[in-house]
Amino acid sequence: MSHRLTQSLKTYTASKASSRFSSPSSFWCRHESTALHFYQNKHLDLYASREAKRLTLRQLVFFGRSMDEERLVKSANYVRTELPVRIAHRIRDLQSLPYVVVTQEGVAKVYELYWTAFEKFRRYPPITNLQENQAFCQFLSGILDEHATVIPNLSLGLSLSSPYLPPDVLDSFMRRMLVSRISRRVLAEHHIALSENYVGKHARSGRRDSSEAHVGIIFTALDVRKSIERCARLLQKQPVTGETDPNLAPCPEIVIEGHTETRFSYIREHLEYIVFELLKNSIRATQINNRGSSVLPPVKATIAAGTNDVGIRISDQGGGLLAVQKRYGIQSPSDLFSFSHVRNSARMEVDRIGALRTVISRPQGVWATVGEQIPRIGIGLPMSNIFAKYFGGSLELISVDGWGTDAYLRLPKLGTNLEGIEV
Ligand code: COI
């Protein structure tokens, strides 16, 4: 265990007095709590007591639309002061877990990363001009890279800890961790993109294709059909079945129908993460369910532009979810979003744990290179659910057993919902 982690764990144990779970760690409180840890925890207390300043998508767009140096510096200082507050809330969450959980491979790594990031942000001096902002953006990019493996680490750690946590506690903890992580990365990446746009604006002025209009990381006229097509193209290049059967049919056709001209303001990366995962699952189910057939039924993506939402339905003829539910002891399709092995025994599968370790060991947590089989680490559906809900949308799976599955994604199109409460 690294020195820093040992230190962090001591800090962790020293603050467990208010924990809901008892642990043998009160020993540390009495005997090993140093002045350093006392002060570290005082800082954490201070930041954790502040409320996050949540934003709407619309606010992010409006603020970023007309940039000048003063607004960019303001954005930098918002990110500089907001991220340590959001990280502090999650460190507190980690501290309220039983000791056996926070010391698990994966969870311990995340705890260490968060303490380090918290300390760095807390000490970062105010930004006053463009040059300092450039340095701040480099600092942010470095932290984003360092945290690339947080999700597989958490997923591994929580799978290993699943026997020690009631399913509701595990799932709500994981939801808070993931919502908060999405929120921090949105703020950091949006600020970096705003800064890059501002600096590059003069050189590229007027040359940007208006069909790709964006403010920071938010695409203001995101073309839903193009996003679905982009995901389909990627999946057609990538074997997704996890089967070695050479007779397995190739990727089925992906048909896009409905309001195919739909555009709305959204974070393209979020939409495409969800669509990619849903299509991937549908393709896999269709291939397996129609083994031996020369012609596969298509996977259909239907787009609906409602008054307040954009809806996307992905329908397949992959036989429905009953077989998967039976295999993993899953009561209802919504339990596929669970991280607890009690609700979904796939969480403890040896192959899945192995795939998570593989991903974690890769530089920057790269999941797969083009043409390589995507490791089945089993976090695509829960992550998609969290991405969908982040700005107030939803994701639902309906299984028509013996026929296929429909996934209903709904994303708000007005951008007026605040980020999830758990940031
Ligand atoms: C994460 O990716 O987990 C982060 O918290 C990144 C943020 C500190 C910029």
Side-chain angles (χ1 to χ4, degrees), residues 4-5 8 40 43-44 47-48 50 52-55 60 64 72 75-95 97 102 104-125 127 133-158 173-196 216-218 267 269-270 273 339 356 359-360 362-367 377 379 382-383 386-387 390 419-420 422-423:
R4 181 169 267 286
L5 176 55
S8 305
Q40 274 180 338
H43 289 302
L44 189 72
Y47 280 80
R50 293 183 188 152
K53 293 187 183 129
R54 294 187 292 145
L55 298 174
L60 288 169
L72 208 49
S75 165
N77 284 311
Y78 165 70
V79 173
R80 179 183 66 82
T81 51
E82 181 66 11
L83 291 191
V85 171
R86 296 187 184 201
I87 297 173
H89 291 158
R90 298 296 70 91
I91 294 179
R92 272 281 177 265
D93 251 342
L94 281 156
Q95 290 176 339
L97 292 172
V102 89
Q104 288 290 344
E105 174 188 1
V107 185
K109 173 73 188 163
V110 172
Y111 189 76
E112 183 185 4
L113 281 170
Y114 283 5
W115 255 109
T116 310
F118 172 71
E119 283 295 305
K120 284 185 185 169
F121 275 108
R122 185 175 72 73
R123 290 161 195 269
Y124 205 98
I127 294 116
N133 182 47
Q134 206 178 339
F136 181 61
C137 287
Q138 274 165 11
F139 161 80
L140 280 181
S141 299
I143 295 206
L144 285 168
D145 289 347
E146 278 168 27
H147 286 226
T149 58
V150 159
I151 290 181
N153 265 303
L154 268 178
S155 184
L156 172 65
L158 269 285
F173 165 79
M174 199 61 176
R175 193 182 57 242
R176 289 192 298 280
M177 293 301 279
L178 297 176
V179 168
S180 177
R181 177 175 193 261
I182 292 173
S183 82
R184 294 189 304 269
R185 290 184 88 87
V186 163
L187 296 187
E189 284 168 1
H190 190 61
H191 177 70
I192 293 172
L194 287 177
S195 304
E196 282 171 355
I217 58 167
I218 300 158
I267 300 175
E269 206 188 334
H270 290 193
Y273 182 98
F339 284 91
L356 281 166
V359 168
I360 288 164
R362 292 184 174 174
Q364 308 299 335
V366 172
W367 294 13
I377 58 178
I379 54 180
M383 277 304 293
I386 284 168
F387 272 122
Y390 181 58
E419 304 168 87
E422 291 159 329
V423 299

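In each ligand, atom 1 is the first atom listed, and ligand 1 is the first ligand listed.
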Ranked by distance from atom 7 (C) of ligand 1, the top protein heavy atom is Arg184 CB, 4.1 Å

Rounded to the nearest 0.5 Å, how far apart are CG of Leu72 and CD1 of Ile127? 10.0 Å

Take Phe139 and Phe121, measure what ring-ring contact (aromatic ring centres under 6.0 Å, His included) needs, and give me the verdict at the end. CA-CA 10 Å; Phe139 161 80; Phe121 275 108; 5.2 Å; yes

Of all the atoms in ligand 1, which lie at a distance below 4.0 Å from a heavy atom belonging to Ile143? 8 (C)

Take a 6.0 Å sphere around CD of Glu189 and say whether it holds more than 12 heavy atoms from other residues, nucleotides or ligands. yes

Taking side chain to side chain donor-acceptor pair (under 3.5 Å) as the test, write out the residues that go with Arg185, two or more places apart. none

Residue Arg185 vicinity, atoms of ligand 1 by number, heavy atom under 4.0 Å: 1 (C), 2 (O)

Write out the residue and atom name of the closest protein heavy atom to atom 1 (C) of ligand 1, then the distance separating them to 0.1 Å. His147 ND1, 3.2 Å

If the cut-off is 4.0 Å to any non-hydrogen atom of Tyr114, which atoms of ligand 1 fall inside it? 3 (O)

By the definition side chain to side chain contact (heavy atoms under 4.5 Å, CB included), identify the one residue from Lys53, Glu82, Arg86, Arg176 that meets it with Val423. Arg86

